[in-house]
Amino acid sequence: MSILQELRGRPPLIVCITNDVVKDLTANGLLAMGASPIMSGEKSEAAALMQAADGLLINIGTADEGKKELMFEMAEAANKNNVPLVLDPVGYPASDFRKNLVDELLEKYDVALVKGNKSEMMALAGLESTSRGVDSTETSDALEIAEAAFERLNIPVLVTGEADALVTRTRRYTLHNGHEFQGRITGSECLLGAVILAFTSRSEAFNTGVLDAVSYYNLCAESAASESAGPAAFRMNFIDALHLNEDTLLADKDIRNHE
């Protein structure tokens, strides 16, 4: 059975503690693809949700002190129930609050994958970054940044950009699909973290699940962009593409394994 057949036949439950700006796209993108999202804002339900969840996304894009407590409760419950956690350190270099929140999450809890743009991951790696917001303006090589971040964190990392880079304990990859319209709509990279959790929950191997998720996501973006005059149409067509495409799309994936 293909990964998407497995996912759609047994929809994974993905709990998303995420950026207020992107909840609509995240929920609709997961639903369109065949997964089941929950957008939780209540820390008292952490134990119950993590007994049923297949993945937990923590995205700090619009975090505050109240959401910080929610994130900690969910992360703790996820670890207790062996639920994979993907951390998206949105805007990590922008403020001490964001830095301290992410650093504390990484220190206290087991994280399956950290994903972010070049600026965010450069800062996490301890490298100099010129970014002050959530958008990446760095020109550094994604693979070099991913390698530096992995060396510092010892956690699998995904760096997104024109080319994406995945570094795990055993492998180094770059991925070369995608379209510039992804950077022209709010939340496209935020949704990716949830899509990765959906794929890895139904994949036999973590690395394979991440690679298939990112490739499928970016190939859907290419497909949607080919039918879109601009970003607004692309957003609608992208959600449709996540729903309409099958595993056969992955035949066009461009992944390079760096030994």
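For this chain, numbers begin at 1 and follow the sequence in order.
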Using a distance-only test with no angle check, is there a side-chain donor-acceptor pair under 3.5 angstrom linking N177 and S215?
no
Please indicate whether E227 has more than 12 foreign heavy atoms, meaning atoms of other residues, nucleotides or ligands, lying under 6.0 Å from its CD.
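Count over threshold, so yes.
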With a 4.5 Å cut-off on side-chain heavy atoms, are [Y] and [X] touching?
X	Y	answer
M50	M74	yes
S36	I14	no
F238	L191	yes

Verdict with supporting geometry, D164 and N218, side-chain contact (heavy atoms from CB on, under 4.5 Å):
CA-CA 10 Å; D164 306 311; N218 288 340; 2.9 Å; yes
Any pair with a residue in residues 14-25 that passes side-chain hydrogen bond (donor to acceptor under 3.5 Å, both in side chains), sequence neighbours left out, goes on the list, sorted by first then second residue, please.
D20-K23, D20-K67, D24-N28, D24-R235
Output every pair passing side-chain hydrogen bond (donor to acceptor under 3.5 Å, both in side chains) with a member in residues 50-61, not counting sequence neighbours, ordered by first then second residue.
none
Using a 3.5 Å distance criterion without hydrogens, assess whether the side chain of [X] forms a donor-acceptor pair with backbone atoms of [Y].
X	Y	answer
Y216	L242	yes
S228	G230	no
R256	T174	no
E222	H179	no
R169	P156	no

Tell me every residue that passes salt bridge (Lys or Arg N to Asp or Glu O under 4.0 Å) with [X], counting only those two or more places apart in sequence or in another chain.
X	result
R171	none
E246	R8
D212	K253

Spacing of CG belonging to L158 relative to CD1 belonging to I196, to within rounding of 0.5 Å
5.0 Å
Working to the nearest 0.5 angstrom, can you tell me the gap between L113 CG and L166 CG?
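Answer for the CG-CG pair, L113 versus L166, is 7.0 Å.
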Under the side-chain contact (heavy atoms from CB on, under 4.5 Å) rule, what do L124 and K99 come out as? Steps first, then yes or no, please.
CA-CA 8 Å; L124 267 172; K99 290 179 180 177; over 6 Å; no
Before you tell me yes or no, could you show the steps for L4 and E6 under side-chain contact (heavy atoms from CB on, under 4.5 Å), namely the whole-Å CA-CA distance, both residues' side-chain angles and the distance that decides it to 0.1 Å?
CA-CA 5 Å; L4 278 167; E6 178 72 14; over 6 Å; no
Please say which of V114, D88, V111, I60 ends up in a side-chain contact (heavy atoms from CB on, under 4.5 Å) with V102.
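Per the side-chain contact (heavy atoms from CB on, under 4.5 Å) rule, the option paired with V102 is I60, out of V114, D88, V111, I60.
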What verdict does the ring pair (Phe, Tyr, Trp, His ring centres under 6.0 Å) test give for F199 and F206, after you've listed the backbone C-alpha separation in whole Å, the side-chain angles of each residue and the deciding distance to 0.1 Å?
CA-CA 9 Å; F199 267 76; F206 177 81; over 10 Å; no
N-O pairing of E104 and K68 below 4.0 Å
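So E104 pairs with K68 through a salt bridge.
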Between R98 and D96, does any side-chain N to carboxylate O distance fall below 4.0 Å?
no
For [X] and [Y], work out which heavy atoms get closest and say how close.
X	Y	result
S40	V15	CB-CG1, 4.4 Å
A241	A224	CB-CB, 4.4 Å
C220	N245	SG-ND2, 3.8 Å
S188	L25	N-CD2, 3.9 Å
A75	L85	CB-CD2, 4.1 Å
Y217	E189	OH-N, 4.3 Å

Not counting sequence neighbours, which residues clear side chain to side chain donor-acceptor pair (under 3.5 Å) with N100? List them please.
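Listed in chain order: nothing, the list is empty.
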hydrophobic_cluster_shared for [Y] and [X], side chain cutoff 4.5 Å:
X	Y	answer
L31	I17	no
M121	V167	yes
L153	I145	yes
F181	V21	no

How far apart are the C-alpha atoms of L175 and L211, what are their side-chain angles, what is the distance that settles it, and do they pass the side-chain contact (heavy atoms from CB on, under 4.5 Å) test?
CA-CA 8 Å; L175 302 91; L211 293 171; 3.8 Å; yes
Passes side chain to side chain donor-acceptor pair (under 3.5 Å), T160 versus N117? Steps please.
CA-CA 5 Å; T160 59; N117 65 35; 6.0 Å; no
